[in-house]
Amino acid sequence: MDAVADGVLKVSGGAGLTGSLTVSGSKNASLPVMAAALLTRSRVRLHNVPQVADTALMAEILTALGVVVEREGGLICLAAESVSGSVPEHLGRRMRASIVLLGAVLTRTGEARLPKPGGDQIGTRRVEQHIRGLRAMGANIQESDSEITARAPLGLHGARVIFDLPTVTGTENIMLAAALAEGRTEIFNAAREPHVQDLALFLNAMGAQVRGAGTDEIVIDGVAEMHGCEHRVIPDYLEAGTYALAVAAAGGDLVLLDAPVRDLTQLLSKLDEAGVTVESDSSRIRIQHRRTSPLLPVDMSTFVHPGFPTDLQAPYLALMTQAAGACVISEYLFENRFQHVPELVRMGAAISVSGRDAYVRGPSSLVGCEVDAPDIRSGAALIIAALCARGETVIHRAWHVDRGYEDMAGKLAGLGAVIARGPETRPLPGLEGAFTYE
Ligand code: EPU
């Protein structure tokens, strides 16, 4: 996928989801791993990179930096023989995760210039932890309202980086910067997400010395040089979780293949509590739910890994509109991640929000209507709600979904959903402006 389509998704509810699906590679693992290719002049080969708009954009940014990028389906080959330090504003600004280039570009070129990520729909999303960490490693960093400029002409050195909170891309940035730094870097209060662990595996395959990923203390001993390698990106637990929630909500019988079962422990236990039949072995999950028996409401609070992932909060909330009774869903990580709520209410859901808590009372008979997808995960939540609704739902700004889910409409249609793309017929003022930061 090269471009983000300015179109709608039309979903007619009522059909269950039946069949099997192979989980795609993780978007959030692919982005830092692609950035890591900047740390060697040799070629790296990445398998299982999902064909989503965000990985396409990362490839475009790397190409603009001088990296030779070849893509064939899920295989991406990157060769960073010569690299510029300046991320073009018009590209970097379109994806908040481009901040993960800071550590790698600075290491490779001694100077990095990036558009500054701002706030977005789901929260203010500051990056001061990234900057503090890199400063501790010797970087000279200037910030303006629109740009971050970092310099380390003599290279970076190891440091103790103590995060106030376990930021995911912040942890990844410091790991990327530390791999070739002089001496030892210790990250305290590190993020433990599966994609942080995958980045460590990839860096080690390139010759780095990273230990402790998956715990809150990561130790990186800088090496003098790194080399090319081949790596298979982990399957996406967020995509797998989204489909598990979709079948629980719409009803049906779904087998997820190449599923990251361990990373979904929290979600699978919530589904079980709600009355959904869940069976799993090491890499396969079967989810069954007949809509003849009502779902039970189950409270949930998001938390950093291994807690319930914030990225599954919106799809989970959509599911809970179908449970018989009341529950509270709390968003611990982001201060404004209930953008899907007004859209779900428009479809007939009974939800009220107070601060970081959403109170859901179900079951609601949802009715199809026109809704707007405010971000990737809210878009997925609206699709799930639409699968349960009577009549047709038209989801505007559906390009959000394409940023994080590989061919979601095609995959759902393959499972029996009635879903199709259509042209945007409604003027959406500020569409370009909205296509920034996530
Ligand atoms: N934060 C700070 N200061 C910082 C960094 C973070 O205050 O310097 C705060 C943020 O404002 C937020 C919290 O810490 O309230 C967590 O932010 P984090 O830095 O962990 O998030 P991120 O690295 O920007 C990644 C994912 C998000 C996912 C979050 C939380 C990628 C590319 N993005 O973002 O994924 O929601 O971690 O797990 O890995 C998505 O895929 O749809 C998505 C938004």
Side-chain angles (χ1 to χ4, degrees), residues 24-35 50 52-55 57-58 61 92 94-103 116-136 141 143 148 161-176 187 189-199 216 233-234 236-242 263 266 302-315 331-337 339-340 356 373-381 399-406 408 436-438:
S24 295
S26 159
K27 163 186 82 88
N28 288 347
S30 298
L31 297 174
V33 160
M34 288 171 75
V52 295
D54 277 11
T55 58
L57 182 55
M58 183 56 106
I61 295 175
R94 281 169 55 191
M95 179 172 67
R96 191 186 181 282
S98 61
I99 186 70
V100 88
L101 288 159
L102 181 59
K116 192 172 185 179
D120 70 358
Q121 299 268 23
I122 68 178
T124 45
R125 307 192 68 176
R126 298 159 64 199
V127 291
E128 84 290 349
Q129 302 296 317
H130 305 226
I131 289 173
R132 257 184 45 199
L134 291 171
R135 280 189 177 138
I141 303 186
E143 292 179 82
I148 298 174
V161 175
I162 304 171
F163 283 134
D164 292 348
L165 44 87
T167 158
V168 172
T169 47
T171 302
E172 293 164 350
N173 240 333
I174 301 302
M175 288 164 73
L176 288 161
I187 309 176
N189 201 12
R192 289 169 286 177
E193 269 64 6
H195 24 295
V196 172
Q197 299 172 43
D198 197 44
L199 176 62
D216 59 7
V233 171
I234 49 168
D236 193 335
Y237 73 129
L238 301 173
E239 189 204 36
T242 301
D263 299 336
Q266 284 276 354
T302 65
F303 200 62
V304 293
H305 193 75
F308 192 102
T310 172
D311 295 318
L312 290 179
Q313 178 258 107
E331 174 53 53
Y332 170 82
L333 267 93
F334 291 103
E335 67 275 25
N336 190 25
R337 205 170 195 181
Q339 301 282 320
H340 39 290
R356 291 185 183 234
D375 60 71
I376 301 175
R377 310 300 168 187
S378 298
W399 47 265
H400 274 300
V401 175
D402 299 331
R403 299 187 50 205
Y405 291 95
E406 188 171 78
M408 191 168 185
T436 56
Y437 305 131
E438 191 146 71

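Only a predicted model underlies this, so the values are computations on that prediction, with no experimental measurement involved. Numbers here simply count residues along the sequence, with the first being 1. Counting convention: from 1, in listed order, for ligands and their atoms alike.
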Enumerated ligand 1 atoms positioned under 4.0 Å from heavy atoms of Leu165: 1 (N), 2 (C), 6 (C), 7 (O), 9 (C), 14 (O)
Stepwise side-chain contact (heavy atoms from CB on, under 4.5 Å) check, Ser98 with Ile61: CA-CA 8 Å; Ser98 61; Ile61 295 175; 4.1 Å; yes
Asp311 with Arg337: basic N within carboxylate O range, under 4.0 Å: yes
Where ligand 1 meets Lys27 - atom numbers and elements under 4.0 angstrom, heavy-atom basis: 40 (C), 41 (O)
N/O separation below 3.5 Å, Glu128 to ligand 1: yes
Interatomic distance, Lys116 atom NZ to Ile99 atom CD1 [nearest 0.5 angstrom]: 9.5 Å
Audit row: Leu102, Leu134, side-chain contact (heavy atoms from CB on, under 4.5 Å) steps and yes/no: CA-CA 9 Å; Leu102 181 59; Leu134 291 171; 3.5 Å; yes
Minimal non-hydrogen separation, Gly379 against Ala373, with atom names: CA-CB, 3.7 Å
Closest to atom 44 (C) of ligand 1 (judged by heavy-atom distance), picking from Arg96, His130, Arg337, Arg377: Arg337
Which of the ligand 1 atoms, numbered from 1, are nearer than 4.0 Å to a heavy atom of Gln129: 3 (N), 4 (C), 8 (O)
Salt-bridge contact Arg403-Asp375 (side-chain N to carboxylate O under 4.0 Å): no
Any N or O of Arg126 closer than 3.5 Å to N or O of ligand 1: yes
Distance-only side-chain donor-acceptor flag, Gln266 / His305, under 3.5 Å: no
Expected output: side-chain Asn189 to main-chain Ile162 donor-acceptor under 3.5 Å: no
Option set Thr167, Val196, Asp236, criterion heavy-atom distance to atom 19 (O) of ligand 1, minimum: Thr167
Region of Ile131 that comes within reach of ligand 1 [heavy atoms, distance under 4.0 Å]: neither
Gly170-ligand 1 polar pair, N/O distance under 3.5 Å: no
Tyr405 and Arg377: side chain donor to acceptor below 3.5 Å: yes
Ligand 1-proximal atoms of Thr310, by part, heavy-atom distance under 4.0 Å: side chain
Contacting atoms of ligand 1, where contact means under 4.0 angstrom from a heavy atom of Thr169: 22 (P), 23 (O), 24 (O)
Leu333 N/O to ligand 1 N/O under 3.5 Å: yes
Under 3.5 Å side-chain donor-acceptor pair for Glu193 and Asn28: no
Contact check, Arg403 vs ligand 1, heavy-atom distance below 4.0 Å: no
Proximity of His305 to ligand 1 by residue part, where a heavy atom lies under 4.0 Å: neither
For Ala97, the ligand 1 atoms whose distance to one of its heavy atoms is below 4.0 Å: 32 (C)
